[in-house]
J.: 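Structure below; questions to follow.
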2 protein chains.
Amino acid sequence: MPDKNIPDIVIGRLPIYLRALQRMLAENRHVTSSQELGERLGISAAQIRKDLSQFGEFGKQGTGYSIDYLAEQIRQILNVDQVWDIAVVGAGDIGSAVARYQGFANRGMQVTMIFDNAPSKIGSKVGSFTVKDIANLESDIKRGGVKVAMIATPSEKAQEVADKLLSAGVKAILNYAPINLTVTDDVRVQYIDPVIHLQRMTYYL
Amino acid sequence: MPDKNIPDIVIGRLPIYLRALQRMLAENRHVTSSQELGERLGISAAQIRKDLSQFGEFGKQGTGYSIDYLAEQIRQILNVDQVWDIAVVGAGDIGSAVARYQGFANRGMQVTMIFDNAPSKIGSKVGSFTVKDIANLESDIKRGGVKVAMIATPSEKAQEVADKLLSAGVKAILNYAPINLTVTDDVRVQYIDPVIHLQRMTYYL
DNA sequence: TAGATTGTTAATCGATTAACAATC
DNA sequence: TAGATTGTTAATCGATTAACAATC
């Protein structure tokens with residue numbers, strides 16, 4: 001069954017499973033079980049088995065899952081058995097940190113370009129990248145065939161940037177600006193706002 | 001009813017509502033409705049009314065919600081009508097970006113200290129902060145009465161840092177290291193890993 | 001008053017868990 | 001074989017939505 005409309009909440013857990021599996025591999029582990037994985041992640045074993053069963057049968061009764069094999073299967077499901085090029089828009093503190101971030105390696109992502117609109121930044125170096133002029137955003141992204149972008153501009157510019165990204169063909173946006181974006185429904189948006197996470201915790205303090 | 005065990009998923013939406021309300025205020029708006037808010041956020045009006053009704057009656061039939069008043073109520077619920085001091089651990093790209101981040105202002109959070117273990121960084125400046133020695137983490141955090149921290153260290157150090165934070169009395173941790181933390185259950189943890197968000201989107205591409 | 005929108009109830013929908021036969 | 005763990009079904013649990021009386 002290639003695609004029987006999997007709940008998005010299940011898709012959301014797959015990257016978590018994958019990250020844990022890659023961590024286990026780094027610890028030189030080769031086999032795991034839904035129970036062990038669940039304990040590490042604070043998720044029930046039944047839920048992990050149910051989630052995985054949406055996509056196929058990846059385990060063996062009695063022994064569990066081959067970590068290598070399961071990781072590879074999840075990578076294929078998530079389309080991260082390839083490497084996605086990412087454009088970063090905004091070369092301030094956050095954009096620069098993200099462009100230099102080492103954590104994309106081996107996880108199917110790589111930053112390939114970074115844009116800003118400030119003359120003082122255009123042409124300067126951020127890590128190994130030369131900051132590009134945001135005026136060329138659409139043509140550069142189109143030429144590069146880039147489908148994934150991260151917005152790290154001030155809130156006021158974020159929607160405008162998003163509109164340009166869409167017309168350049170971007171289909172997935174990770175938005176660091178603390179504002180909701182309006183996009184066409186063939187485009188995915190995810191949000192990272194540390195304050196949202198922090199406020200969610202202070203309720204309990 | 002001060003506390004009838006509100007679902008965590010409801011708590012998780014309150015910061016989103018608050019952010020949208022503050023945005024509306026910045027646009028000089030003074031009244032809104034569950035319908036308008038829902039359209040902006042992609043959430044049903046019924047859900048917003050249901051969520052809010054868990055905490056009290058904040059609206060007026062026929063006219064909707066006073067944005068100012070509702071924002072203030074949500075701030076009180078989330079305990080962000082005060083300002084929480086935050087300790088940042090790790091003065092690399094991410095820790096430095098977070099320490100300098102302007103987005104905490106008026107949202108109940110402020111960074112007050114940043115730590116690292118590298119002699120080359122200790123004593124140097126990150127924004128207006130002088131990087132402190134991680135060796136003094138426990139005593140500095142205890143003395144400051146800090147309850148909220150962000151971890152921006154390499155994955156290998158994150159659990160060790162978390163342990164120290166707990167013994168220093170920290171009760172809420174926002175973890176940027178791509179690894180699951182184990183903590184006692186009086187402590188809240190939230191995670192930010194851009195790759196998790198990106199992989200969640202590439203499934204659909 | 002007429003129109004609009006809340007707060008809340010009941011119905012629906014969807015997600016999680018428990019349990020177990022199958023089988024490695 | 002005996003023990004362990006999967007994949008899956010059915011039962012439970014919880015969250016969302018629809019609908020509407022109350023009322024501004």
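Chain A is the first sequence line, chain B the second, and so forth, proteins listed ahead of strands; every chain is numbered from 1.
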J.: By nearest atom, which of the nucleotides C/dT6, C/dA15, C/dC24 is closest to the A/P7 side chain?
T.: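 Looking only at side-chain atoms, A/P7 lies closest to C/dA15.
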J.: Do you see a donor-acceptor pair shorter than 3.5 Å between the side chains of A/Q47 and A/D51?
T.: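 Absent: no donor and acceptor within the cut-off.
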J.: Report the nucleotide, chosen from D/dT6, D/dT16, D/dT8, that has the shortest atom-to-atom distance to any side-chain atom of A/K50.
T.: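 Nearest to the side chain of A/K50 among the choices is D/dT8.
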J.: Taking the nucleotide of DNA chain C with the nearest heavy atom to each, does B/K60 or A/Q47 sit closer to the 5' end?
T.: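 Per heavy-atom nearest nucleotide, the more 5' residue is B/K60.
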J.: Whole angstrom is fine here: how far is it from CG in A/D51 over to P in C/dT17?
T.: 10 Å
J.: Whole-Å distance between D/dT23 C1' and B/E57 CD?
T.: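 In whole Å, D/dT23 C1' lies 11 Å from B/E57 CD.
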J.: Choosing from D/dT16, C/dA15, D/dA15, which nucleotide comes nearest the side chain of B/R13?
T.: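 Output: D/dT16.
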J.: Should B/Y65 be listed as having a side-chain N or O under 4.0 Å from OP1 or OP2 of C/dA4?
T.: no
J.: Counting Watson-Crick and G-U wobble pairs only, both distances under 3.5 Å, name the nucleotide matched with C/dC13, or none.
T.: D/dG14
J.: In whole Å, I'd like the distance from the CG atom of B/L52 to the P atom of C/dT5.
T.: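 Atom CG in B/L52 sits about 16 Å away from atom P in C/dT5.
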J.: If I take atom OG from residue B/S34 and atom CD1 from residue B/I43, how far apart are they, to the nearest 0.5 angstrom?
T.: 11.5 Å
J.: Select one nucleotide: of C/dC24, C/dT6, D/dT8, the one nearest the side-chain heavy atoms of A/S53.
T.: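 Shortest atom-to-atom distance from the side chain points to D/dT8.
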J.: Classify the side-chain pair A/Q110/A/D85 by whether it contains a donor and acceptor separated by less than 3.5 Å.
T.: yes
J.: B/F58 has an atom CZ; how far is it from atom C1' of C/dT5, in whole Å?
T.: 17 Å
J.: Given that B/S33 and A/I9 both sit by DNA chain C, which one's nearest nucleotide is further toward the 5' end?
T.: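 This one resolves to B/S33.
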J.: A/S66 and A/D68: side-chain donor and acceptor closer than 3.5 Å?
T.: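 Not at all, the side chains of A/S66 and A/D68 share no donor-acceptor pair under 3.5 Å.
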J.: What does D/dT8 pair with, Watson-Crick or G-U, if both distances are under 3.5 Å?
T.: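 C/dA19 - that is the nucleotide pairing with D/dT8, both distances being under 3.5 Å.
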J.: Measure CD1/B/I6 against C1'/D/dA15 and give the value in whole Å, please.
T.: 14 Å
J.: In whole Å, I'd like the distance from the CD atom of A/Q54 to the P atom of D/dT6.
T.: 17 Å
J.: From the options D/dT6, D/dA18, C/dT16, select the nucleotide whose nearest atom is closest to the side chain of B/A46.
T.: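 Of the options given, the side chain of B/A46 lies nearest D/dA18.
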J.: Measure the distance from CD on A/E39 to P on D/dT5 and round it to the nearest whole Å.
T.: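 After rounding, the reported distance stands at 11 Å.
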J.: Could you walk me through whether A/D8 and B/Y203 pass the side chain to side chain donor-acceptor pair (under 3.5 Å) check?
T.: CA-CA 10 Å; A/D8 182 61; B/Y203 170 79; over 6 Å; no
J.: Is the shortest side-chain N/O distance from A/S34 to OP1 or OP2 of D/dT6 below 4.0 Å?
T.: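 Indeed, a polar side-chain atom of A/S34 lies that close.
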J.: Of all the nucleotides listed (D/dT17, C/dT16, C/dG7), which has the minimum atom distance to the side chain of B/R49?
T.: C/dG7
J.: Nearest-Å distance, CG (B/L41) to P (D/dT16)?
T.: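 Result: 14 Å.
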J.: Compare the minimum distances between each of D/dG7, C/dT8, C/dT17 and the side chain of A/S44, then state the nucleotide with the smallest one.
T.: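 Ranking D/dG7, C/dT8, C/dT17 by closest atom to the A/S44 side chain puts C/dT17 first.
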J.: Choose from D/dA22, C/dT16, D/dG7 the nucleotide whose nearest atom is closest to any side-chain atom of B/Q61.
T.: D/dA22
J.: For B/Q35, does the CD atom have more than 12 heavy-atom neighbours from other residues, nucleotides or ligands under 6.0 Å away?
T.: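 Atom CD in B/Q35 is not crowded, with 12 or fewer foreign heavy atoms closer than 6.0 Å.
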J.: Now, which nucleotide makes the Watson-Crick or G-U wobble pair with C/dC24, with each of the two distances under 3.5 Å?
T.: D/dG3
